[in-house]
Amino acid sequence: MGEKVLESQFQVTGMTCAACALRIEKGLKKVEGVQDANVNLALEKATVKFDTSVTGPAELHKKVRDLGYDVVTSKTEFDVTGMTCAACSARIEKGLNKMEGVVSATVNLALEKATVEYNPSVLAPKDMVQKIEKLGYGAIEKQDNEQETMDYRLKEIEKQQGKFVFSMILSLPLLWAMAGHFSFTSFLYVPDALMNPWVQFLLATPVQFFIGKQFYVGAYKALRNKSANMDVLVALGTSAAYFYSVYLSFSTLGGGDVHLEGLYFETSAVLITLIILGKLFEAKAKGRSSEAIKKLMGLQAKTAMVIREGLEQEIPLEDVATGDIVLVKPGEKVPVDGEILEGRTALDESMITGESVPVDKTVGDAVIGATINKNGFIKIKATKVGKETALAQIIKVVEEAQGSKAPIQRLADSISGVFVPIVVGIAVVTFIIWFFWVSPGNFAEALVKMIAVLVIACPCALGLATPTSIMAGSGRSAEFGILFKGGEHLEMTHRINTIILDKTGTITKGTPVLTDVITTMEEAEFLTLVGSAEKQSEHPLAEAIVDGIKEKQIELKNPSVFEAVPGYGIRAEVDGKEILVGTRRLMKKFEVDIEQALSEMDSLEKQGKTAMLAAVDGNYAGMVAVADTIKETSMQAVKRLKELGLEVIMITGDNQQTAQAIAKQAGIDHVIAEVLPEGKAEEVKKLQQQGKKVAMVGDGINDAPALAIADIGMAIGTGTDVAMEAADITLIRGDLNSIADAIYMSKKTIRNIKQNLFWAFAYNSLGIPVAALGFLAPWLAGAAMAFSSVSVVLNALRLQRVKL
């Protein structure tokens, strides 16, 4: 049996800094069968690729828990009907365990019950019900076992809020007592009770061990796994201050005289309070960084009106099945992707295409879920539901991009891995220097300097610098219809210096239109004859001619005779007249004199148009020309790309003459023409061999090899046929301006990441010597450390306000 590689994502809780994420990543990679693992601190998400024949989600979750963290899962129970023997229960159990997102499933034959632990971000109970029904049994979820729907992040925020309030109430009196020590606050009244060491002990102890418990637990788990993280630094620093103060307090019992300035209860309590406050702000800010996903999910309809058993009924969106007949009234959202069976309307597709003008739709046309039905009643047949819809695919790509790791992050990860042990070493050296040389024998002063070093150096900001920017940057890009497949592509795009544009469907509209009519007879009569003759042809150029003539409000007739002449054109009879429409060869075959038309025909072909000659009853009557016209935005987009300093090249299978004509219209100077689809990848390679960083832009289907081989492949397309597989970036809106927008967003995001990393490194590099030299009180170090993370996240969130 060959290996089956599966990619699984799950939420991880309990991480405090980059060292935690790195430790989980390393731990998961050591699990047999795991091919790759990536842990994102900002999203609190692990993405693991593993061989299902060797390991499974249960083993992965166990590994995370063994490392001292937890995994967010849900548990549900089903009443199962139709089982007759042990083979039935084993079959259901096996079927459920094979589902992506199921951690473990057990089926009890005697109780007719299935218990499933699953990943709620991957699948829902209804998916499991459908699986059981597909296996030939019945299943009903037990309602009393429904999970609490509140987001675990919100619960965490509420929990930290409670801790902060409790900690602040106990720490403020200690802060008040500390303020009374300074000469410039001598006017401040401090109650005698607060000056008592035992009152301070009673106030500080709950903060140290109840509120600070999370740091001790985290530090123990980290050290048990032979690593160190932020919790180790906080636990060391606050414990040193607290236990030294306890020692001094007990020495008073033996008659010793202790100055309150020598107590550091307020240092440990205020430090913990400030760090909890920083974590609270950080959690709230991180919640805002996934706004893009929430916005996209908010576009979906919540319910759908379907016809079942001859009755109209409103059902939840997740219950809509492929093949259902769905009714959509004016003003409502289209619930799923489908095809119109009845009615006509205009749909606002701006959420997918960015085009604000509603698009007319009628029977047979495809509709996209989450678009808005503007003015007509339509009946559609659901063709794609749930995770198959265009919007669901977009959401999936954005989520994967936000969870991925950019190469620039590896630098931060490698530093974070060794940072804490180095800091502990620097703190010990600081203590020794102060105790033996700077202030000989002054234990308290040396201790304070050591605590300041331990606290100021926590590498939280370093771990958040990259993932928060990637989340915000890729999310904002998605709002503009630019889908980056991963952090590495978001980073690579800003390095591009050469853009290769496919012609058909990328620079041009991809569908030919009627552009010229030249005739020796009355135009309306000529077009009636030509259009009627071409009416029954299935050739794309014939369709363009017929559509163009209809737009001129000319009524067409049915030909009495119609014959397609492959490679030449068509022959038909309309109103008793013989009509020929086609190439020079067709005219030659039927001995029609076309000498007078040849110069005009050459002129049209030089403009990139396809000209077709027409004859009536054996005499030349005129010609019509069709062309695949360039998109209205192509010229402006090419100009923007050139202004960005990019070399723009057009690639096409067309002949050199047609290609040059289109390139000239678009403002492109370099053209590679007469290239077969399989030859496009070779052309990309040639440019790469010249040392160029190449982006290939195509429709993503016939350009797949070139898209895959380019440094960055951009698939340009709209809606349901977005080619997400071969491309690194998908430009949903079908507008070349999106290329410049993608490069701009990449540059903005990378600049933001560099700012974050610079400040995170600078903060630690400057903070440690300042603390070691004694210029930083521990509580001030705590405040600075706590808010460094918040500042990094807030800087990343600026990307959500970028305007294009």
Self-check item: Heavy-atom side-chain proximity of Met650 to Ile507 below 4.5 angstrom
Solution: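 The answer is yes, as the side chains (C-beta and beyond) meet within the 4.5 Å cut-off.
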Quiz item: Which atom pair, heavy atoms only, marks the closest approach of Leu347 to Lys374?
Solution: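 Closest approach of Leu347 to Lys374: C-CG, 4.4 Å.
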Self-check item: Asn40 side chain near Thr47 side chain, heavy-atom distance below 4.5 Å
Solution: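 Heavy-atom side-chain distance check fails, nothing below 4.5 Å.
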Practice problem: Would you mind reporting whether Lys49 and Val34 have side-chain heavy atoms less than 4.5 Å apart? | Solution: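 Result no, sub-4.5 Å side-chain heavy-atom pair not found.
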Exercise. Rounded to the nearest 0.5 Å, what's the gap from CD1 on Ile276 to NZ on Lys159? Could you check?
Key: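 These two atoms lie 9.5 Å from each other.
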Quiz item: Does any N or O in the side chain of Ser634 come within less than 3.5 Å of the main-chain N or O of Ile630, such that one atom is a donor and the other an acceptor?
Solution: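 Absent.
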Quiz prompt | Interatomic distance, Phe50 atom CZ to Leu6 atom CG [nearest 0.5 angstrom] | solution =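 Output value for this atom pair is 4.5 Å.
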Quiz item: When you look at Val792 and Tyr763, which way does the side-chain contact (heavy atoms from CB on, under 4.5 Å) test go after all the steps?
Solution: CA-CA 11 Å; Val792 159; Tyr763 165 81; over 6 Å; no
Quiz item: Could Arg65 and Asp70 be called an ion pair, given the rule that one side-chain N must be under 4.0 Å from one carboxylate O?
Solution: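 Between Asp70 and Arg65 there is a salt bridge, with a charged N closer than 4.0 Å to a carboxylate O.
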Quiz item: Is the backbone of Ser746 close enough, under 3.5 Å, to the side chain of Thr493 for a donor and an acceptor to pair up by distance?
Solution: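 A pair under 3.5 Å: no.
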Self-check item: Test log, rule salt bridge (Lys or Arg N to Asp or Glu O under 4.0 Å), inputs Lys686 and Glu683
Solution: CA-CA 5 Å; Lys686 282 180 194 170; Glu683 295 297 335; 3.5 Å; yes
Self-check item: Val684 versus Ala710, closest heavy-atom pair with distance
Solution: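 Result for this residue pair: CG1-CA, 3.8 Å.
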Exercise. Verify, without hydrogens or angle tests, whether Ser765 (side chain) and Phe761 (backbone) share a donor-acceptor contact under 3.5 angstrom.
Key: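 A pair under 3.5 Å: yes.
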Quiz item: Can you tell me if Lys279 uses its side chain to pair, donor with acceptor, with the backbone of Ile157 under 3.5 Å?
Solution: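 Here the side-chain-to-backbone pair does not exist.
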Quiz item: Is it true that a side-chain atom of Ser738 and a backbone atom of Asp741 form a donor plus acceptor pair closer than 3.5 Å?
Solution: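 Here the side-chain-to-backbone pair does not exist.
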Quiz prompt | Atom of Ala472, atom of Leu799 and distance for their closest heavy-atom approach | solution =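 In this case the closest contact between Ala472 and Leu799 is CB-CB, 4.0 Å.
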Quiz item: Short question: side chain of Gln688, backbone of Ile709 - any donor-acceptor pair under 3.5 Å?
Solution: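 Between the backbone of Ile709 and the side chain of Gln688 there is a qualifying donor-acceptor contact (under 3.5 Å).
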Practice problem: Can you see which heavy atom on Ala46 is nearest to which on Leu28, and at what distance? | Solution: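 In this case the closest contact between Ala46 and Leu28 is CB-CD1, 4.3 Å.
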Quiz prompt | Greater than 12 external heavy atoms within 6.0 Å of Met99's CE | solution =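 More than 12 heavy atoms, drawn from other residues, nucleotides or ligands, come within 6.0 Å of this atom.
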Practice problem: Taking atom types as modelled, find out whether Thr371 and Glu349 have a side-chain donor-acceptor pair closer than 3.5 angstrom. | Solution: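 No donor-acceptor contact under 3.5 Å links the two side chains.
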Quiz item: Looking at Arg476 and Glu479, does any basic side-chain N land under 4.0 Å from a carboxylate oxygen?
Solution: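 Yes, charged N to carboxylate O under 4.0 Å.
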Quiz item: Considering only heavy atoms from C-beta outward, does the side chain of Ile372 approach that of Val334 to under 4.5 Å?
Solution: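 No, too far: nothing below the 4.5 Å cut-off.
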Exercise. Determine whether Gln35 and Val5 make a side-chain contact, defined as any pair of heavy atoms from C-beta on separated by less than 4.5 Å.
Key: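 Result yes, sub-4.5 Å side-chain heavy-atom pair found.
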Quiz item: Does a side chain donor of either Glu647 or Asn497 reach within less than 3.5 Å of an acceptor in the other side chain?
Solution: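 Side-chain D/A pair, Glu647 to Asn497: absent.
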Self-check item: Backbone of Ala390 reached by a side-chain donor or acceptor of Lys384 within 3.5 Å
Solution: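 Judged by distance alone, no pair lies under 3.5 Å.
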Exercise. Apply side-chain contact (heavy atoms from CB on, under 4.5 Å) to Met492 and Lys693, showing your working.
Key: CA-CA 9 Å; Met492 183 64 190; Lys693 295 288 180 195; 3.4 Å; yes
Quiz item: Between Asp231 and Lys221, is there a salt bridge with N-O shorter than 4.0 Å?
Solution: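 A salt bridge is absent here (no side-chain N lies under 4.0 Å from a carboxylate O).
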Quiz prompt | Validation row: Val48, Phe10 side chains within 4.5 angstrom (heavy atoms) | solution =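 A side-chain contact under 4.5 Å exists here.
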Exercise. Tell me, yes or no, whether the heavy-atom count around Lys642 atom NZ, taken from other residues, nucleotides or ligands under 6.0 Å, exceeds 12.
Key: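 Yes, enclosed.
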Quiz item: For residues Thr633 and Asp735, is any side-chain donor paired with an opposing acceptor at under 3.5 Å?
Solution: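 Side-chain D/A pair, Thr633 to Asp735: present.
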Practice problem: Could you give me the CA-CA distance, side-chain angles and deciding distance for Phe758 and Asn756, then say whether side-chain contact (heavy atoms from CB on, under 4.5 Å) is met? | Solution: CA-CA 5 Å; Phe758 171 78; Asn756 280 350; over 6 Å; no
Exercise. Search all heavy atoms of Leu483 against all heavy atoms of Ala478 and return the closest pair with its distance.
Key: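 Here Leu483 and Ala478 meet closest at CD2-CB, 3.9 Å.
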Quiz item: Hey, does Leu736 have a side-chain heavy atom less than 4.5 Å from the side chain of Lys631?
Solution: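 They are not in contact (no side-chain heavy atoms under 4.5 Å apart), so the answer is no.
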Exercise. Evaluate the side-chain proximity of Ser791 to Trp759: yes if any heavy-atom separation is below 4.5 Å, no if none is.
Key: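 The answer is no; the side chains never approach within 4.5 Å.
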Self-check item: From CG (Leu391) to CD1 (Ile368), nearest 0.5 Å
Solution: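 Separation between the atoms: 10.0 Å.
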Quiz prompt | Salt-bridge contact Lys302-Glu318 (side-chain N to carboxylate O under 4.0 Å) | solution =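 The answer is no: the pair does not qualify as a salt bridge.
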Quiz item: Between the side chain of Ser474 and the main-chain N/O of Ile470, is any donor-acceptor distance below 3.5 Å?
Solution: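 Indeed, once roles are kept as given, a pair shorter than 3.5 Å links the two residues.
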Quiz item: Is a donor on one side and an acceptor on the other found under 3.5 Å between the side chain of Glu491 and the backbone of Ile408?
Solution: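 Yes: the side chain of Glu491 pairs with the backbone of Ile408.
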Self-check item: Rounded distance [0.5 Å steps], CZ in Arg495 versus CD1 in Ile750
Solution: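 Arg495 CZ to Ile750 CD1: 7.5 Å, rounded to 0.5 Å.
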Practice problem: Specify the closest pair of heavy atoms between Ala21 and Leu41, including all atoms of both residues, with the distance to one decimal. | Solution: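 It is CB-CB, 4.3 Å.
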Practice problem: Flag the pair Lys692 and Asp711 as a salt bridge only when some basic side-chain nitrogen lies within less than 4.0 angstrom of an acidic carboxylate oxygen. | Solution: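 Salt bridge flag = no for Asp711 with Lys692.
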Quiz item: When you check the side-chain N and O atoms of Asn752 and Ser469, is any donor under 3.5 Å from an acceptor?
Solution: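 Their side chains do contain a donor-acceptor pair, which is all the 3.5 Å distance test asks for.
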Quiz item: Near Glu388 CD, under 6.0 Å, is it more than 12 heavy atoms from other residues, nucleotides or ligands?
Solution: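 No - once you tally the heavy atoms of other residues, nucleotides and ligands closer than 6.0 Å, there are 12 at most.
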Exercise. I would like to know whether Ile500 and Val697 meet side-chain contact (heavy atoms from CB on, under 4.5 Å); could you show each step before the answer?
Key: CA-CA 6 Å; Ile500 301 179; Val697 187; over 6 Å; no
Quiz item: Below 4.0 angstrom, N of the basic side chain to O of the carboxylate: do Arg640 and Glu643 qualify?
Solution: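 Not counted as a salt bridge, because no side-chain N and carboxylate O are separated by less than 4.0 Å.
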Quiz item: For the atom pair CG (Leu501) and CD1 (Ile739), what is the distance rounded to the nearest 0.5 Å?
Solution: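 Leu501 atom CG to Ile739 atom CD1 measures 5.0 Å (nearest 0.5 Å).
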Quiz item: Does any donor atom in the side chain of Lys163 or Gln214 lie under 3.5 Å from an acceptor atom in the other side chain?
Solution: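 Indeed, the side chains of Lys163 and Gln214 share at least one donor-acceptor pair under 3.5 Å.
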Quiz prompt | Check: Gln9 main-chain N/O paired with Asn119 side-chain donor or acceptor under 3.5 Å | solution =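 Yes; judged by distance alone, with no hydrogens or angles, the pair exists.
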